[in-house]
Protein chains: 2
Amino acid sequence: MGNELRQFKSEIFQGLAHPTRIAIVELLREGELSAGQLIAKLGIEQANASQHLAVLRARQIVVKRKAGNQVYYSIRDHALIEILDILRRYFYSQLSTAVGLLREAAREESKSRNGAQR
Amino acid sequence: MGNELRQFKSEIFQGLAHPTRIAIVELLREGELSAGQLIAKLGIEQANASQHLAVLRARQIVVKRKAGNQVYYSIRDHALIEILDILRRYFYSQLSTAVGLLREAAREESKSRNGAQR
DNA sequence: ACAGTATATTCGAAATCTCGAATATTGTCA
DNA sequence: TGACAATATTCGAGATTTCGAATATACTGT
């Protein structure tokens with residue numbers, strides 16, 4: 001049960017498993033952009049951008065609209081934005097945890113520096 | 001700006017970009033399980049499960065606790081569960097959209113079947 | 001029809017991921 | 001200590017991903 005659902009989820013994750021594709025989704029957050037605009041903002045090769053867009057399209061993460069010569073991309077579903085937001089919060093909470101861990105490590109270190117060194 | 005954050009996000013997605021790892025996270029939803037229990041429920045090779053657990057550990061998605069001979073795993077942060085839930089809802093909404101599209105296609109087809117065929 | 005612009009696809013090489021087999025590590029119990 | 005159980009790591013082969021270069025496709029304006 002839920003095997004198909006699991007497959008679906010992992011495909012979405014694969015679709016987002018590259019910094020460039022995350023960047024694309026984030027750029028599309030405010031609304032649609034043409035492929036050309038995306039390429040300009042990303043500062044990468046045209047072919048490469050197009051390949052990443054193809055991945056996002058294949059996973060239905062993104063949707064395209066043709067207007068004359070150009071192709072406008074937009075996010076298919078707000079759920080994905082929500083997910084990125086959750087991860088942003090998660091990142092910062094992990095960060096503060098990491099800071100805590102570093103402080104603790106520093107405390108340990110000074111303790112051993114002051115105590116019996118070997 | 002946010003480059004590091006983007007890297008972080010894509011690493012989390014990479015961490016979850018495999019059905020087996022999704023299954024592991026889902027199994028851990030209710031609470032911790034030992035590696036052995038996970039392997040039994042997953043029904044895969046011990047080495048393979050251990051490798052997937054290593055991936056989840058490396059990305060800090062999962063946390064381990066040793067108890068004697070065994071190692072108990074649990075989810076490090078509830079945020080990830082939230083994400084899986086969002087994707088579950090998303091999956092079903094896409095599914096109903098797909099059904100809608102199929103219906104529409106069927107309607108189109110019968111229309112052209114009844115109308116002037118060429 | 002032709003030149004030009006925007007975007008997509010194909011190709012091949014390098015990098016990364018995934019798997020099972022084999023082996024290593026760690027802890028328990030006698 | 002030695003045998004055993006639980007888990008992790010290493011290795012090599014095959015699959016997949018990623019990249020830029022080259023090429024193809026589609027649309028526009030003349």
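None of the values given here were measured: they were computed from a predicted structure. So that the names make sense, note that chain A is the first sequence line, chain B the second, and so on, each numbered from 1. The figures here come from the full heavy-atom set of this structure, side chains too, leaving out hydrogens, waters and symmetry mates.
Taking the side chain as every heavy atom from C-beta outward, B:Leu27 and B:Leu38 approach each other to under 4.5 Å. A 4.5 Å side-chain heavy-atom check between B:Ile24 and B:His52 finds at least one atom pair inside the cut-off.
Sequence order on DNA chain D of the closest nucleotides to A:His18 and A:Gln46 puts A:His18 first from the 5' end. In terms of position along DNA chain C, the nucleotide closest to A:Arg57 lies nearer the 5' end than the nucleotide closest to the other residue of the pair B:Asn48 and A:Arg57.
Applying the 4.0 Å criterion to OP1 and OP2 of D:dT17, one finds that A:His52 has every side-chain N and O outside that range. Between A:Tyr73 and C:dA6, a side-chain N or O to OP1/OP2 separation shorter than 4.0 Å is absent.
In this structure, the nucleotide among C:dA8, D:dC19, D:dT7 sitting nearest to the side chain of A:Leu53 is C:dA8. Minimum atom distance to the side chain of B:Lys66 is reached by C:dG27, of the listed C:dT18, D:dA8, C:dG27. Of the listed nucleotides (C:dT7, D:dA8, D:dG20), D:dG20 has the atom at the smallest distance from the side chain of A:Ala47. When distances run from any side-chain atom of B:Lys64 to the nucleotides C:dA6, D:dA8, C:dA8, the shortest one goes to D:dA8. When distances run from any side-chain atom of A:Gln14 to the nucleotides D:dT17, C:dA8, D:dA8, the shortest one goes to D:dT17.
The NE2 atom of A:His78 sits 7.0 Å away from atom CG of A:Asp85, with the distance rounded to the nearest 0.5 Å.
With hydrogens and angles left out, the side-chain atoms of A:Tyr73 and A:Arg65 include no donor and acceptor closer than 3.5 Å.
As a whole-Å value, the separation of B:Glu45 CD from D:dA8 P is 15 Å. If you measure from atom CD of A:Glu11 to atom C1' of C:dC17, you get 16 Å, rounded to the nearest angstrom. Distance, A:Ile44 CD1 to C:dA8 P: 12 Å, rounded to whole Å. Between B:Leu56 atom CG and C:dT18 atom P there is a gap of 11 Å when expressed in whole angstrom units. What separates CZ of B:Phe13 from P of C:dT16 is a distance of 21 Å, to the nearest Å. Distance B:Ile24 CD1 to D:dA8 P: 11 Å, rounded to the nearest Å. B:Leu42 places its CG atom 15 Å from the P atom of C:dT18, with the value rounded to the nearest Å. The nearest whole Å value for the distance from the CD1 atom in B:Ile39 to the P atom in D:dA6 is 10 Å.
A salt bridge does not link B:Arg88 with B:Glu26: none of the charged nitrogens is closer than 4.0 Å to a carboxylate oxygen.
Contact annotation for B:Tyr72: no contact, since no heavy-atom pair falls under 4.0 Å across all strands.
The base of C:dT10 sits with one of its N or O atoms less than 3.5 Å from a complementary donor or acceptor on the side chain of A:Gln51. Between the side chain of A:Asn69 and the base of C:dT5, at least one donor-acceptor pair of N or O atoms lies under 3.5 Å.
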